[in-house]
Amino acid sequence: MSTTNTPSKTHSFQAEVSQLLHLVTHSLYSNPEIFLRELVSNASDACDKLRFEGLNNAALYENDSDLAIRITLDKTKKTLTITDNGIGLTAQDAIDNLGTIAKSGTKDFMSKLSGDQKADAQLIGQFGVGFYSGFIVADKITVESRRAGAPISEGVRWVSGGTGDFTVETIERAARGTSVILHLRDDAEQYLNAWQVKQIVNKYSDHISLPIQMYKEAWQDAKEENQPGEMVTTDEWETINSASALWTRPKKDITDEQYTEFYKHISHDFTAPLAWAHNRVEGSTEYTQLLFIPAQAPQDLYYRDSKTGLKLYVKRVFIMDDAENLLPHYLRFVKGVIDSADLPLNVSRELLQESRDVKTIREGNTRRILSTLEQLANSEDATEQEKFRTFYAQFGAVLKEGVAEDTGNRDKIAKLLRFASTTSDEVSRSFADYKASMIDGQEAIYYITADGLAAAKHSPQLEVFRKKGIEVLLMTDRIDEWALGYLTEFEGTPLQSVTKGAVDLGKLQDDDEKKAAESAAEQLKPLLDKLEATLKDKAKNVRITTRLVDSPACLVADEHDLSPQLAKMFKQMGQAIPDSKPILEINPEHALVKRLETDAEHFDDLAHVIFDQAMLADGDLPSDPVAYLKRVNAMLLG
Ligand SMILES: Nc1ncnc2c1ncn2[C@@H]1O[C@H](COP(=O)(O)OP(=O)(O)OP(=O)(O)O)[C@@H](O)[C@H]1O
């Protein structure tokens with residue numbers, strides 16, 4: 001037992017902690033029992049940390065290497081205590097870690113709070129807020145701890161009633177590790193019932209790889225005859241969970257609920273995963289993979305320093321979080337565990353980069369994730385299909401990065417891509433679907449990139465495709481243009497942007513159309529020259545097109561120039577790009593174009609208006625909007 005050494009000192013909680021505690025202590029919880037999951041999870045993390053530090057410093061074990069988590073109940077004092085013999089806390093650790101919010105998951109949670117107590121309480125129930133969840137059931141928490149390897153005299157006692165402050169004092173503590181003592185509220189006395197606590201541990205924490213122990217209960221007959229017997233607590237410890245790392249167990253012994261709980265434990269995501277893949281891989285490199293595909297993108301998915309990668313274990317010893325070398329960057333949304341049988345226990349991040357085993361594991365993981373996604377995408381089952389839709393809505397844009405990043409799997413990734421098209425507003429058309437509905441004589445897969453669905457759908461460039469009944473894929477993700485730069489064909493069929501270069505409809509354009517276009521180009525040569533001269537600051541050149549039906553003109557990029565979309569994206573990213581002017585294509589059949597030939601007086605204004613309107617049709621502003629308006633107004637009044 002512990003004795004006090006120094007007087008206690010009072011500290012204030014960080015403002016966010018006070019805010020969080022106010023909510024925790026003043027709300028009614030839909031799911032109060034999650035406090036146990038959170039505290040057992042912390043105890044397990046503390047043991048993992050000791051195992052890891054112990055690899056280089058066996059003295060930290062203090063001759064006791066049997067790591068375990070113990071839960072004890074004291075009906076008289078009304079306390080529930082969770083004790084671990086993990087890494088423990090120094091006094092400073094206790095001040096720093098139990099007085100501030102470190103966990104990004106908790107910050108995430110705080111940002112989701114609505115201010116509506118009922119809704120927020122529901123959120124805590126699902127989410128859990130780490131250590132502070134203890135205050136859901138306790139009106140006072142005492143933490144007693146000693147850091148592994150520290151002298152007995154350097155134990156610490158941290159006490160708080162869950163309001164603005166906490167006290168910290170130095171104590172003597174023989175046992176290494178931490179005890180979290182919950183002084184239960186009157187309305188939380190059900191957690192003094194051993195049977196109930198066991199149920200909760202089974203529900204949420206069965207996957208924890210350490211033994212979670214409680215005193216065994218045994219039936220005792222009554223001492224006097226005709227009196228009822230009762231369950232009594234013995235002084236023998238009993239392990240109440242399976243106590244083997246979940247990924248080491250055979251698949252058939254693991255329920256969906258257990259997989260889901262495990263996912264929540266490692267990811268801090270409160271939504272169940274969409275799918276998982278669990279395999280023991282044998283061969284030149286041996287490892288176990290347990291990979292999860294989440295149902296919801298984290299907020300930091302696109303941040304440069306977002307947490308990526310998997311937890312790495314070597315022969316069940318925890319080595320590191322976020323081992324980014326185990327997955328390519330475009331699969332950074334995947335969560336899970338890799339347990340390698342071959343890597344050395346002292347493996348460092350630097351070593352991981354060079355290891356052949358790691359390369360093999362990364363390739364294996366990539367294959368597995370892509371095939372899991374393929375299964376969902378191709379499933380006949382409506383629920384599985386819905387899962388793929390959810391996946392794609394959350395992570396489709398990230399997956400596209402793989403087209404550029406992962407040459408070896410480019411074809412596999414291309415099969416998973418989905419787009420809206422001129423025949424479907426829903427992002428559901430695959431390249432294969434597209435190919436299956438190509439019309440006779442069609443030789444390419446046509447696509448257009450634009451800022452949004454409306455701009456894409458109404459683009460003048462699509463007019464001829466509509467007229468001929470040719471489907472065009474509508475690509476509206478910022479990354480599409482860039483990714484498509486790496487994908488020139490799909491299973492032998494070339495991909496062609498309808499906004500780049502001259503439209504080449506190949507066999508789809510009949511001879512009469514071709515001839516008509518050629519003769520128009522010849523006839524209108526003087527007009528084209530004049531337009532080019534007038535618009536020399538805006539357009540690279542001006543030419544006749546057959547792609548337009550209802551619109552007078554459109555802008556296209558030259559075959560080898562950056563498309564306007566990509567140019568815009570690079571500009572937004574602050575990158576310098578060569579200045580390239582678009583080509584103005586005009587529709588010789590359109591009345592406005594015809595007017596150009598006859599109305600010399602308004603030629604200049606009309607030429608500029610036609611150019612600026614082509615910009616507007618692409619969803620862009622004319623370079624001088626006021627000049628544009630003046631010209632239009634003058635013409636309206638003229
Ligand atoms: N049993 C324990 N032993 C040692 N340290 C602990 C223990 N419980 C909590 N801590 C310390 O307190 C910190 C705060 O715990 P909390 O549960 O609020 O968030 P967290 O555990 O950091 O979040 P995450 O679960 O994302 O790691 C932990 O990071 C850890 O340093």
Side-chain angles (χ1 to χ4, degrees), residues 11 13-14 16-21 23-24 34-54 60 67-72 80-110 124 126-136 138 141-150 154-160 162 166 168 173 175-182 204-205 207-208 210 212-213 261-270 298-300 306-307 311 318 320-322 335:
H11 300 258
F13 281 119
Q14 179 198 29
E16 280 102 324
V17 179
S18 293
Q19 196 189 339
L20 180 66
L21 285 174
L23 181 77
V24 172
I34 55 115
F35 79 90
L36 203 53
R37 169 186 82 189
E38 300 293 312
L39 297 179
V40 167
S41 175
N42 280 351
S44 153
D45 288 349
C47 291
D48 274 350
K49 282 182 201 156
L50 175 62
R51 259 197 208 136
F52 182 61
E53 288 194 22
L60 291 180
L67 301 179
I69 300 167
R70 287 180 166 168
I71 303 175
T72 48
L80 183 158
T81 302
I82 298 148
T83 300
D84 66 69
N85 55 355
I87 194 73
L89 294 157
T90 63
Q92 195 57 44
D93 289 341
I95 295 168
D96 294 342
N97 300 337
L98 305 180
T100 54
I101 295 178
K103 181 164 142 181
S104 64
T106 306
K107 282 192 186 144
D108 224 30
F109 162 80
M110 302 272 291
I124 289 193
Q126 299 169 335
F127 216 97
V129 284
F131 172 75
Y132 305 105
S133 303
F135 285 106
I136 296 175
I141 299 183
T142 306
V143 177
E144 293 182 353
S145 188
R146 180 171 63 78
R147 168 87 190 180
E154 287 182 17
V156 58
R157 179 182 294 130
W158 176 105
V159 184
S160 176
F166 59 89
V168 173
R173 182 174 158 95
R176 168 195 79 222
T178 306
S179 293
V180 177
I181 305 155
L182 305 176
Y204 295 111
S205 309
H207 60 80
I208 297 284
L210 301 164
I212 303 173
Q213 301 178 326
E261 272 312 317
F262 181 71
Y263 166 76
K264 290 182 179 172
H265 169 69
I266 59 165
S267 67
H268 302 298
D269 177 4
F270 59 88
Q299 284 176 340
D300 64 358
S306 67
K307 289 222 162 113
K311 278 182 189 289
F318 172 74
M320 68 179 82
D321 272 320
D322 314 317
K335 302 281 179 211

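Residue indices begin at 1 and follow the sequence shown. Whatever order the structure lists them in is the order used to number ligands and atoms, beginning at 1. Since this is a predicted model, take the numbers as computed values, not measurements.
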Which part of [X] is near ligand 1, with near meaning a heavy atom under 4.0 Å away: side chain, backbone, both or neither?
{"X": "Asp84", "result": "side chain"}
{"X": "Val180", "result": "neither"}
{"X": "Thr178", "result": "side chain"}
{"X": "Leu89", "result": "side chain"}

> Does the N or O separation between Asn42 and ligand 1 drop below 3.5 Å for any pair?
Replying inline: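 The answer is yes, given that Asn42 and ligand 1 share an N or O pair closer than 3.5 Å.
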
>> Are the side chains of Phe131 and Leu39 in contact, using a 4.5 Å heavy-atom criterion?
In response: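 They are in contact (side-chain heavy atoms under 4.5 Å apart), so the answer is yes.
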
Is it true that a side-chain atom of [X] and a backbone atom of [Y] form a donor plus acceptor pair closer than 3.5 Å?
{"X": "Arg146", "Y": "Arg173", "result": "yes"}
{"X": "Thr100", "Y": "Asn97", "result": "no"}
{"X": "Arg176", "Y": "Asn85", "result": "yes"}
{"X": "Asp93", "Y": "Thr90", "result": "yes"}

May I ask you to list the atoms of ligand 1 that are less than 4.0 angstrom from any heavy atom of [X]?
{"X": "Ala46", "answer": "2 (C), 3 (N), 4 (C)"}
{"X": "Asn97", "answer": "11 (C), 12 (O), 13 (C), 14 (C), 31 (O)"}
{"X": "Leu98", "answer": "12 (O)"}
{"X": "Gly130", "answer": "17 (O), 18 (O)"}

>> Once rounded to the nearest 0.5 Å, what's the spacing between atom CG of Asp84 and atom SG of Cys47?
In response: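 Between Asp84 CG and Cys47 SG, I get 5.0 Å after rounding to 0.5 Å.
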
> Measuring from Ile71:CD1 to Leu80:CG, what's the distance to the nearest 0.5 Å?
Replying inline: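 Separation between the atoms: 6.5 Å.
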
